[in-house]
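Here is the naming used below: chain letters follow the sequence lines, and residue numbers restart at 1 for every chain.
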Number of protein chains: 2
Amino acid sequence: MRKRITAKQVAEELGISIMTVSRALNNRPNVDDKTREKVISTARRMGYVPDHIAKSLVLQKTFTIGLVVPEITHSFFPEAIRGIEEAAYGAGYQLILTHSAEDSERENKALQTLASKRVDGILISTAESVTDYESYESIMRLKLPIVFFDRCVYGIGASCVSIDDFESAKKITAHLIQHGYKKIAHLSGPSSVSIGRARIEGFKNAMDENGLSINDELIIESGFHEAGGYESMLKLLQLPKEKQPQAVVAVNDPAAFGAMNAILENGLRIPEDIAIVGFSDDIRAELMPTPLTTIRQPAYEVGKRAAQKLLAHIENKDEIIDEIIIKSEIVIRESCGCYSDGKKI
Amino acid sequence: MRKRITAKQVAEELGISIMTVSRALNNRPNVDDKTREKVISTARRMGYVPDHIAKSLVLQKTFTIGLVVPEITHSFFPEAIRGIEEAAYGAGYQLILTHSAEDSERENKALQTLASKRVDGILISTAESVTDYESYESIMRLKLPIVFFDRCVYGIGASCVSIDDFESAKKITAHLIQHGYKKIAHLSGPSSVSIGRARIEGFKNAMDENGLSINDELIIESGFHEAGGYESMLKLLQLPKEKQPQAVVAVNDPAAFGAMNAILENGLRIPEDIAIVGFSDDIRAELMPTPLTTIRQPAYEVGKRAAQKLLAHIENKDEIIDEIIIKSEIVIRESCGCYSDGKKI
DNA sequence: GGTTTTTATGTTAACGTTAACATTATAGTA
DNA sequence: TACTATAATGTTAACGTTAACATAAAAACC
């Protein structure tokens with residue numbers, strides 16, 4: 001069983017130095033054309049594969065980007081990863097994928113591992129359970145560029161790419177208000193996560209600007225999952241009839257799905273009895289019994305821009321820290337009350 | 001701006017040798033407890049992060065697995081990746097994720113890159129457009145363990161983990177036959193992909209065993225996407241009435257969705273006029289106007305088992321080559337004709 | 001107390017590559 | 001032709017770690 005072929009062996013085969021082999025294979029100048037050809041063909045014939053590990057060690061650069069994702073099965077992330085991969089691939093970088101499973105402990109470990117593997121930069125969407133930023137700061141102390149995407153951390157001097165959560169939440173809430181609803185509930189995300197905070201603020205801002213009072217009883221933290229949406233909606237439905245909301249703004253589509261189930265199980269109609277809107281345009285949104293009005297997040301675009309920004313930081317250490325906002329789009333379906341009587345509001 | 005801290009600097013700080021630092025930090029025996037403590041605390045204080053690249057070079061092992069996925073947004077893959085990540089994480093390995101985008105050229109490049117990055121093994125689900133196996137064989141020549149998952153390549157001496165495509169296709173076809181349908185069509189996958197071939201064979205086998213003749217006009221290659229299913233179904237609907245199928249077995253759910261749209265747009269009912277079944281239990285399957293009967297693929301399990309098998313190959317070079325089949329499950333909904341009259345067949 | 005065993009630490013070389021400098025061959029110039 | 005500029009190739013050291021062997025110190029034995 002032959003061992004792996006190295007540049008040294010190719011050099012010996014040709015009776016030349018390793019350096020000439022290296023130069024020939026890396027398209028460097030000052031190599032005779034004939035030599036270069038011989039080297040290339042001999043290397044191929046011998047099955048030589050350059051050792052990127054050795055190269056990384058001497059160059060102090062791995063052409064690898066670390067990626068930390070909280071929950072890869074959320075429909076947003078596969079799309080975002082595709083955008084990231086596209087940008088990275090185009091620039092000749094590979095991706096090390098790690099999964100925090102929404103656990104801050106695991107996220108921290110992943111960051112340490114990535115630093116240890118000497119990635120050139122890190123792309124991260126924070127876990128739900130993160131409470132302090134020490135692990136991010138320790139990465140930054142290593143002068144390792146870090147770019148947040150979707151779920152951001154502000155004020156620690158890192159770039160961030162996300163959608164305009166505040167504006168989007170405000171816009172979709174305002175849309176409900178236009179329908180004439182006055183008692184509007186919000187199923188909120190965890191306040192520890194930037195998008196949770198931004199969306200609740202957008203909701204409140206829309207209510208304020210339209211002269212509607214905010215009833216704290218109608219704001220319930222439900223988290224990002226269907227079960228939380230279901231539970232929270234049940235609580236709302238247990239309020240006395242006159243306090244119950246006419247419409248609901250859910251922090252994301254899964255939470256909205258849960259809430260929709262709760263509404264239907266209580267024998268109420270959507271949107272006639274209670275209107276509801278989501279956030280994220282999950283693939284299931286348009287297939288619900290009453291198609292869900294929601295916000296479409298350009299996940300691919302977010303991923304791509306985040307990767308591009310990270311690459312810029314990697315290749316130019318004076319690249320300015322930026323907070324990039326990608327515009328989202330409201331997708332009007334029926335659950336808000338539009339079309340239900342045959343015409344759009 | 002301080003440079004990165006190395007073991008050498010920690011050693012100098014303490015006035016001891018690098019080797020003692022290395023031993024202390026790696027929990028090796030024969031280090032005085034006091035020395036070990038001092039090393040660990042000093043390393044932490046100085047912000048030392050071990051360099052895995054250097055370690056990989058000397059150990060000739062990277063604790064990294066290469067992953068090649070054809071289309072990360074297919075709902076199967078995020079789940080499978082989660083399983084892979086789980087197994088890899090548990091064993092202390094990281095994942096380099098590459099995306100072939102169903103393109104064999106790009107897949108080949110990804111494999112070369114992974115070999116160059118000295119991954120310890122490769123997990124791959126082949127691209128649709130792959131025609132020859134040279135790139136896989138070149139990986140195997142490097143003694144790099146490779147395990148196929150979901151879409152397999154047989155006969156080249158690599159392990160493979162997939163669901164029982166043949167049996168599952170046979171089972172779901174037989175289910176349609178039990179309903180009494182005799183003219184059954186198949187929208188097939190590309191025959192270049194193992195699962196495409198296995199499913200068509202399962203379909204034919206079920207027809208055979210139940211004494212039904214196979215009409216080649218009713219077998220159309222539609223590929224894995226919605227558009228192909230739609231187009232193919234239109235072709236079937238252009239056949240003379242007496243030749244049109246009573247039921248359709250689609251190669252996967254997206255193809256089935258496309259076909260369902262074509263059926264409905266032609267004013268036909270599902271399943272009364274044409275019954276249909278899919279394959280993969282896409283998240284949308286139960287939300288269709290007529291919920292789709294399909295095969296549930298345990299994607300997480302497939303990913304996890306594939307990763308485990310690869311790890312076994314990595315850690316024991318005599319590990320036997322295996323073809324592992326994960327059992328799938330038929331999910332009965334309404335599109336096959338069950339429940340449509342209020343009772344299950 | 002001296003010899004052997006065990007434990008703790010140090011030294012050297014190696015992993016496979018490239019940068020930087022050194023040398024040799026070739027071409028160009030006067 | 002001799003001298004210089006340029007192109008092609010070679011040599012050495014370095015990247016940060018660990019294995020393998022070497023040595024020194026401490027403990028155990030008779």
Side-chain angles (χ1 to χ4, degrees), chain A residues 2-40 42-43 46-64 113 115-120 142-144, chain B residues 2-40 42-43 46-64 113 115-120 142-144:
Chain A
R2 289 206 322 288
K3 281 198 62 179
R4 208 155 228 165
I5 305 296
T6 71
K8 188 175 176 189
Q9 293 170 59
V10 176
E12 274 165 8
E13 174 84 8
L14 288 166
I16 60 178
S17 77
I18 305 184
M19 216 38 228
T20 304
V21 172
S22 169
R23 277 191 274 251
L25 259 20
N26 289 284
N27 258 32
R28 294 296 171 72
N30 296 342
V31 179
D32 190 84
D33 283 350
K34 277 182 187 155
T35 312
R36 171 166 281 137
E37 254 175 60
K38 266 194 301 185
V39 170
I40 291 174
T42 308
M46 296 176 74
Y48 170 71
V49 179
D51 187 327
H52 221 286
I53 293 291
K55 196 168 181 164
S56 294
L57 184 59
V58 55
L59 258 39
Q60 294 290 84
K61 177 154 172 60
T62 57
F63 288 94
T64 306
T113 306
S116 212
K117 290 228 162 163
R118 290 291 184 259
V119 295
D120 296 331
L142 296 171
K143 309 284 174 211
L144 235 182
Chain B
R2 287 205 323 287
K3 279 199 62 179
R4 209 155 227 164
I5 304 296
T6 71
K8 189 175 175 190
Q9 292 170 60
V10 176
E12 275 166 7
E13 173 84 9
L14 288 165
I16 60 179
S17 78
I18 304 184
M19 217 36 229
T20 304
V21 171
S22 171
R23 276 191 275 252
L25 259 21
N26 288 284
N27 258 34
R28 294 297 169 72
N30 295 343
V31 179
D32 191 84
D33 283 350
K34 276 181 188 156
T35 313
R36 171 167 282 137
E37 253 175 60
K38 265 195 302 185
V39 170
I40 291 174
T42 308
M46 296 175 73
Y48 171 70
V49 178
D51 187 327
H52 220 286
I53 293 290
K55 196 168 181 165
S56 294
L57 184 61
V58 55
L59 259 38
Q60 293 292 83
K61 178 153 173 62
T62 57
F63 288 94
T64 306
T113 307
S116 211
K117 290 230 163 163
R118 290 290 184 259
V119 294
D120 296 330
L142 295 172
K143 309 282 173 210
L144 235 182

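- Looking at B:Arg118, its side chain has no donor and acceptor atom pair within 3.5 Å of the base of C:dG16.
- Rounded to an integer number of Å, the gap from A:Phe63 CZ to C:dT17 P is 16 Å.
- Taking atom CD1 of A:Ile5 as the reference point, atom C1' of C:dG16 lies 13 Å away to the nearest angstrom.
- In this structure, A:Asn26 and B:Asn30 both approach DNA chain C, and ranking their closest nucleotides by distance from the 5' end singles out B:Asn30.
- Within the 3.5 Å criterion, the main-chain N or O of B:Lys34 finds a donor-acceptor partner in the side chain of B:Asp32.
- The side chain of A:Thr6 lies closest to C:dT17, out of D:dT17, C:dT18, C:dT17.
- Counting any heavy atom pair closer than 4.0 Å across all strands shown, A:Val31 reaches sugar-phosphate atoms only and no base atom.
- In this structure a side-chain-to-backbone donor-acceptor pair under 3.5 Å is missing from B:Asp120 to B:Lys61.
- Here D:dT18 presents its P atom at 12 Å from CG of B:Asn27, a figure rounded to the nearest Å.
- Counting non-hydrogen atoms under 4.0 angstrom, B:Pro50 reaches the backbone sugars and phosphates but no base.
- Side chain of A:Thr35 to main chain of A:Val31: no donor-acceptor pair is present (N/O by atom type, distance under 3.5 Å, no hydrogens or angles).
- Nucleotide C:dA8 holds its P atom 17 Å from the CG atom of B:Leu14, rounded to whole Å.
- In this structure, the nucleotide among D:dC15, D:dA20, C:dT17 sitting nearest to the side chain of B:Met19 is D:dA20.
- The shortest distance between the side-chain N/O atoms of B:Ser56 and the OP1/OP2 oxygens of C:dC15 is not below 4.0 Å.
- In this structure a side-chain-to-backbone donor-acceptor pair under 3.5 Å is missing from A:Thr20 to A:Ile18.
- Not one side-chain nitrogen or oxygen of A:Thr20 sits closer than 4.0 Å to the OP1 or OP2 atom of D:dT9.
- Of the residues near DNA chain C, B:Asp33 and A:Arg28, the one whose nearest nucleotide (by heavy atom distance) lies more toward the 5' end is B:Asp33.
- Checked against D:dT17, C:dT17, D:dT18, the side chain of B:Leu59 finds its nearest nucleotide in D:dT18.
- In the set D:dT9, D:dT17, C:dT17, D:dT17 carries the atom at the smallest distance from any side-chain atom of B:Lys55.
- Applying the 4.0 Å criterion to OP1 and OP2 of C:dT9, one finds that B:Ser17 has every side-chain N and O outside that range.
- Under a 3.5 Å cut-off, the side chain of B:Thr64 and the backbone N or O of B:Val119 do not form any donor-acceptor pair.
- D:dA14 atom P lies 22 Å from atom CD1 of A:Ile53, rounded to whole Å.
- Using a distance-only test at 3.5 Å, with no hydrogens or angles considered, a donor-acceptor pair links the side chain of A:Gln9 to the main chain of A:Arg4.
- When rounded to the nearest whole Å, the span between CG of B:Leu57 and P of D:dC15 equals 14 Å.
- Separating the NZ atom of A:Lys8 from the P atom of D:dG10 is a distance of 15 Å, rounded to the nearest angstrom.
- For a distance-only test at 3.5 Å, the side chain of A:Arg4 fails to qualify as a donor-acceptor partner of the base of C:dG16.
- Checking the phosphate oxygens (OP1, OP2) of C:dG16, a side-chain nitrogen or oxygen of B:Gln60 falls inside 4.0 Å.
- Computed from coordinates, the B:Asp32 CG to C:dT7 C1' distance equals 9 Å when rounded to whole Å.
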